[in-house]
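Atom set for the values below is all heavy atoms of this structure, side chains included, hydrogens, waters and symmetry mates excluded.
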Amino acid sequence: MEEGGYEAICKDRRWARVAQRLAYPSGKNIGSLLRAHYERIIYPYEMYQSGANLVCNTRPFESEEKDREYKPHSIPLRQSVQPSKFNSYGRRAKRLQQEPEPTEEDIEKNPELKKLQIYGAGPKMLGLGLVAKDKTLRKKDKEGPECPPTVVVKEEPVGPETKVEPASPRAYLEGKEELRHSPEPCTKMTMRLRRSHSNSQFVDSYICRICSRGDEDDKLLLCDGCDDNYHIFCLLPPLPEIPKGIWRCPKCVMAMVPTELVEKEFWRLVNSIEEDVTVEYGADIHSKEFGSGFPISDGKRKLSPEEEEYAGSGWNLNVMPVLKQSVLCHINADISGMKVPWLYVGMVFSAFCWHIEDHWSYSINYLHWGEPKTWYGVPSFAAEHLEEVMKKLTPELFESQPDLLHQLVTLMNPNTLMAHGVPVVRTNQCAGEFVITFPRAYHSGFNQGYNFAEAVNFCTADWLPAGRQCIEHYRRLRRYCVFSHEELICKMAACPEKLDLNLAAAVHKEMFVLVQEERKLRKALLEKGITEAEREAFELLPDDERQCDKCKTTCFLSALACYDCPQCLVCLYHMDDLCKCPRSKQYLRYRYTLDELPAMLHKLKVRAESFDTWANKVRIALEVEDGRKRTLEELRALESEARERKFPENELLHRLKGCLSQAERCVSEALGLISSQETGLPAPSLTVEELRAFLEQMNQLPCVMHQIGEVQALLDRVEAFQAEARAALEATPPGPGAAPPAPGALRGLLERGARLGVEVPEGRRLERQLAQAAWLEEVTATLRSPRARVPLPVMRGLIQAGRTVAPSPAVDVAMAELQELLTIAQRWEEKAQMCLEARQKHPPATLAAIIKEAENIPALLPNIQALKEALAKARAWIADVEEIQNGDHYPCLDDLEGLVAVGRDLPVRLEELRQLEVQVGTAHSWRDKASRTFLKKNSCYTLLEVLCPCADAGSDSSKRLKWRQEQPGLYKLDAESLGLSAQDLRDPGAVIVAFKEGEQKEKEGMLRLRHANSQKPAPPAPGPGPPSCVCGQPPTPGMLQCQLCRDWFHASCVVWPRLGSQKPSVPWWEWDAKFLCPLCQRSRRPRLETILALLVALQKLPVRLPEGEALQCLTERAITWQDRARQLLASPELAAPLERLATLRHHRLHGDGAGALREASRNEQPKVSVENGDAPSPEKNGPLPSELEALSAALPRLQGPVLELAEGARRPLEELMMEGDLLEVTLDEAQSIWRLLQAARPPPLGLFRLLLEVRQPQNPPRVPQKSPRLPQTPPDSPRPQ
């Protein structure tokens, strides 16, 4: 009640605001849905609580006697029962306010309102208006809305059992009066109950009932009667806009106003003299001009498959008049209304008066859609009675217009006609129904509402007599004809072969009457002295030039004319009415002579009687009444004659077609049998009984077939074969030891029987005996063959084939033998399978015993064969082991691994296998230990690659590494680059020789590579240029140079030296600033002592490994280089420089000038050992900020070189340093040579600054202006030596 109540909300249309206050989501229809639910559920209960009581009596219509006291416009129309302005259940888009109902004063002032008095959309029923509303009612509306008494509401609560009865129109008026004079006050809103809806159905009902869609809500109408929704464009016909006022759907309109009520009002208006009602009727619309309601195949648009079916259907009114059985198809002209359909668009009370069709033809009317059409009909036998009654009741009309009934302007109440003895029938034609009227059947009617219909005429053979009588009737009435009946008959008679038999018979009768009448008329004309005559082609003349001046009949066979009066023309019935000229001036104009007409009549007779002649021939041929069988050609001629003459379907024709079909089938089958005998091709086989029945069928057919003799000969040969087969079967002696005859003889006999193409019972027995003999022969040949053993599948196949053979004593004996042999073989197979699959393997001796026993079975046992092969492989394996163990050298690991793999797969217990597995396991353990010693984490190299010299050191290293990264596992092994094959790796001498050659190749390749890289600018200029580094990208600022290969690398792509971990007190030439690229330093480079321990363990192995041979060569190479280095360092040229370096180191560590450095190094962390090149974690062992600051502060004070080396001493040291860097071993002499060479050069301040910059803790790496930016080293990166 906060918003003002139900009435105020409805008046101001504030339901959307109510929905918003109830927290419903905003939407297009939420207010309408909420209102609908409120009106359906809550509002009736509120009315009940408030005590609303409506007393609206519902009474049936009064009797006819009371209808006689009918007052104009007192019958309420279906539109008259309108709901209240505020309590309207009709929800539709763009709802407009209902127009006020007109008062009596308004109706009196406006004559059109006085006539129509219909308001609201929907089909209009003119003359049935609303009761005029008093002016006082408008005042009452201001105080409260009027109570429309649409239902009776009792005082009991509204429940499921409450009955709601619709009020009749008359009860509505009476109830309205009762409400007006009722002492009880009416409430503000009248409750109008709806049909019960469930919630889901109610919500889902807001969709169009025609297209089943709910879109385009602004064009959606809601019926105020049934609440169904319709789009305005889905209605038929569609509405151009939203109608004003109350609107009801066609179903409600039909349900609200019974057809009887409309019919009663129609005849009341017809009988009323005082009232004048005007309606519009779109009648006699030419379908050729405006289109038809049926689909037409005129090529203007493409038809759908469904439309194609209807376009050719005989029920299509465009097709029906021109069907072959229709007489109108012989009229060439398109007669509008008769051959071409007419369209009719009707409205309520639009009527068609009493009439009959032109030429008394049939008519068919189809109602496409819309309201029903009410028809009244009178049978043809009562047509004259109806005309007499009308003339009797309205003589003055017929005196002035004798053909009044042909003008379609006369209506008379059917009750009046029935009161005078005229039989009248009625019907209501609904949409989709046909109505057919018969010749001379008077009919009339009217439309119940807006509809659309289509009608056309048609004529059948039985119409011809009625058409002739119609012409006589027209002649008496002097009425024009639509077409010439005589011309139609003669045109059909001219081409009798095109006529249907029934039509030809009817035309013959009509033609006979026509000829007789024409003879009589021409004889009378001759008696009057008129002898002149001219032939005239009347069909070429227009109808108005050949009409009788007296009776208006269209002439065709003959007419009378005058030479002096050329404009005059009469038919022979009015020969005395032509003119007053003498007879000599008059002459006959004729179409056919009297000799031509009988000829046409004879042709019709022949056509009509041709069926009887043909039927007589067929009957004699089928029943062989004359004792002579006809040939197939004669029967086919009779069938062809029926097809050409278009005889109707009949029993004789069906019998003839059946006989021909049987005869042709028999001839075809007979030819197939005969041709199979001659060509040997397979044919459909017949049994002996079927062959005899086939021959009997051929003999019984009423036609001659030349193949009967050949079929008889075939039957004789079949019977002879049967006798021979029985003799062969009876010659087989019975008994268990008796064998069947030889397969060859039986097979020959069967082949002869197969060529006959006929199945005989003896053939089956011969086939069984042949199968037995063939099977026994195959079993004997298989089991008795001394050359090969019988495979188990062959044995099973024989047993399976034996089961399909018919049983016999010999077959049973052979089956038992085969089954016993198969059982024994399967047992041995199972035993061998257990030996092959058993977890506990058996020794070779046990398997040999099993194989020996199984060889006595005459069957091929696959598992025994597999066991034999396994035993042979085991013996060969033992021989291989003994050969390897007794060789000159220790066996190679690859050979032992292959033997172990083969031995494990053998299903034989081998004592030597355990010993080999131990040896292989020991070798793998040693190799794993060596790999852990040499290989870095996630290394792409194998242990053998690391131990062997890098023979391809001179190749493009960047491309090589990139190739390694993109295709891991597919790189070339160093063993292969050394020219060693798998067989060479087994020869220690070959390994040593190849290793020595690889050392020299590695040294030469490195020299070439160093020379090539030395040609590059140092450092490389940033920007486009040749690729560098392992990534193959162009140079950038801040690149590191490898001390071995002299190539440049991005600091972000490699691991740099850890200069930040260096003690500040150490001399600068001992700082860890040496960088080797990943291609030059391939391993962790363990110390020589660690390698010697591995060699000691290798000597204890009874197995040779390629890695062991390579490790020995590497160790010898390292020791040789170490001896050379010691000799060079002990030479007099290097003794003094080494002593000076020692002195400088001592002063550096214990001098006074390093106070600041000593102070910074007091808190230095204990040194963490770096094993074999793996970097320590920077999080745990990173340099302190004070150390980095001390190193950075010491850089400006660094001086050098601290010593001088002669060129003769420097060059050997550099060559030896290069060879030492190629070794994958860490040696102290290499460190001494590196420090000596460093001290003889100026300090590399730029490199030191770069290495210190990238080691700054917790800061992004910052490099000087000309130095490259380097990322921080990951914690698990290997450290170069």
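Listed here is the closest heavy atom pair of Arg1010 and Gln1043: NH1-O, 3.4 Å. Here the closest heavy-atom approach between residue Leu1076 and residue Cys1042 is recorded as CA-SG, 3.8 Å. Here the closest non-hydrogen pair linking Pro1212 and Glu1207 is CD-O, 4.4 Å. Here the shortest heavy-atom pairing between Ser1083 and Glu1224 reads OG-OE1, 2.6 Å. What you find for Pro1201 and Ala1239 is that their closest heavy atoms are CB-O, 3.3 Å. Among all heavy-atom pairs drawn from Pro1078 and Tyr941, the shortest one is O-OH, 4.1 Å.
Counting heavy atoms from C-beta on, the side chains of Leu1098 and Gln1112 come closer than 4.5 Å. Taking 4.5 Å as the limit, some side-chain heavy atom of Lys1003 sits within range of a side-chain heavy atom of Met1218. Proximity of Leu1213 to Leu1134: side-chain heavy atoms (C-beta onward) are separated by under 4.5 Å at one or more points. Side-chain atoms of Leu1205 and Pro1137, non-hydrogen and from C-beta on, do get closer than 4.5 Å to each other. Considering only heavy atoms from C-beta on, Leu1111 comes within 4.5 Å of Leu1095 through its side chain.
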Quiz item: Does the pair Leu893 and Trp926 meet the rule for a side chain to side chain contact (heavy atoms under 4.5 Å, CB included), with working shown?
Solution: CA-CA 12 Å; Leu893 179 60; Trp926 182 89; over 6 Å; no
Quiz item: How far apart are the C-alpha atoms of Trp1048 and Gln1041, what are their side-chain angles, what is the distance that settles it, and do they pass the side chain to side chain contact (heavy atoms under 4.5 Å, CB included) test?
Solution: CA-CA 4 Å; Trp1048 293 87; Gln1041 186 179 27; 3.6 Å; yes
Self-check item: Stepwise side chain to side chain contact (heavy atoms under 4.5 Å, CB included) check, Leu913 with Trp877
Solution: CA-CA 10 Å; Leu913 180 60; Trp877 185 87; 4.0 Å; yes
Exercise. Decide yes or no on side chain to side chain contact (heavy atoms under 4.5 Å, CB included) for Gln1081 and Lys936, but give the supporting numbers first.
Key: CA-CA 10 Å; Gln1081 183 178 348; Lys936 302 177 184 179; 4.2 Å; yes
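Taking CZ of Arg1124 as the start and CG of Leu1129 as the end, the distance is 12.0 Å to the nearest 0.5 Å. Rounded to the nearest 0.5 Å, atoms CG (Leu1236) and CZ (Arg1241) are 10.0 Å apart. To the nearest 0.5 Å, the span separating CG on Leu1079 from CG on Leu1044 amounts to 10.5 Å. Rounding to the nearest 0.5 Å gives a distance of 9.0 Å between SG of Cys948 and CG of Leu943. Between Leu947 atom CG and Glu945 atom CD the span is 10.5 Å, to the nearest 0.5 Å. Gln915 contributes atom CD, which lies 12.5 Å from atom CG of Leu910 (distance to the nearest 0.5 angstrom).
Checking each of Leu1114, Ile1091, Leu1088 against Ile1119 for a side chain to side chain contact (heavy atoms under 4.5 Å, CB included) leaves exactly one that passes, namely Leu1088. With Asp1228 as the fixed residue, the side-chain hydrogen bond (donor to acceptor under 3.5 Å, both in side chains) test singles out one of Arg1087, Gln1122, Arg1126: Arg1087.
For the pair Arg1046 (side chain) and Lys1016 (backbone), a donor-acceptor distance under 3.5 Å is absent. Remark: side-chain polar atoms of Arg927 are not paired, donor with acceptor, to backbone N or O of Leu1105 under 3.5 angstrom. Using modelled atom types, one side-chain atom of Trp1121 and one backbone atom of Leu1216 make a donor-acceptor pair closer than 3.5 Å.
With respect to the salt-bridge test (charged N to carboxylate O, under 4.0 angstrom), the residues Glu1002 and Arg1117 qualify. Classification of Glu917 and Arg914 as a salt-bridged pair holds, one side-chain N sitting under 4.0 Å from a carboxylate O.
Residue-environment remark: CD (Glu1214) exceeds the threshold of 12 foreign heavy atoms within 6.0 Å. Within 6.0 Å of atom NE2 in His924, more than 12 heavy atoms from other residues, nucleotides or ligands are found, so the atom counts as buried in its surroundings. Within a 6.0 Å radius of CD in Glu883, no more than 12 heavy atoms belonging to other residues, nucleotides or ligands are found.
Cation-pi contact between Lys1074 and Trp1234: present, with separation from the ring centre below 6.0 Å and deviation from the ring axis of at most 45°.
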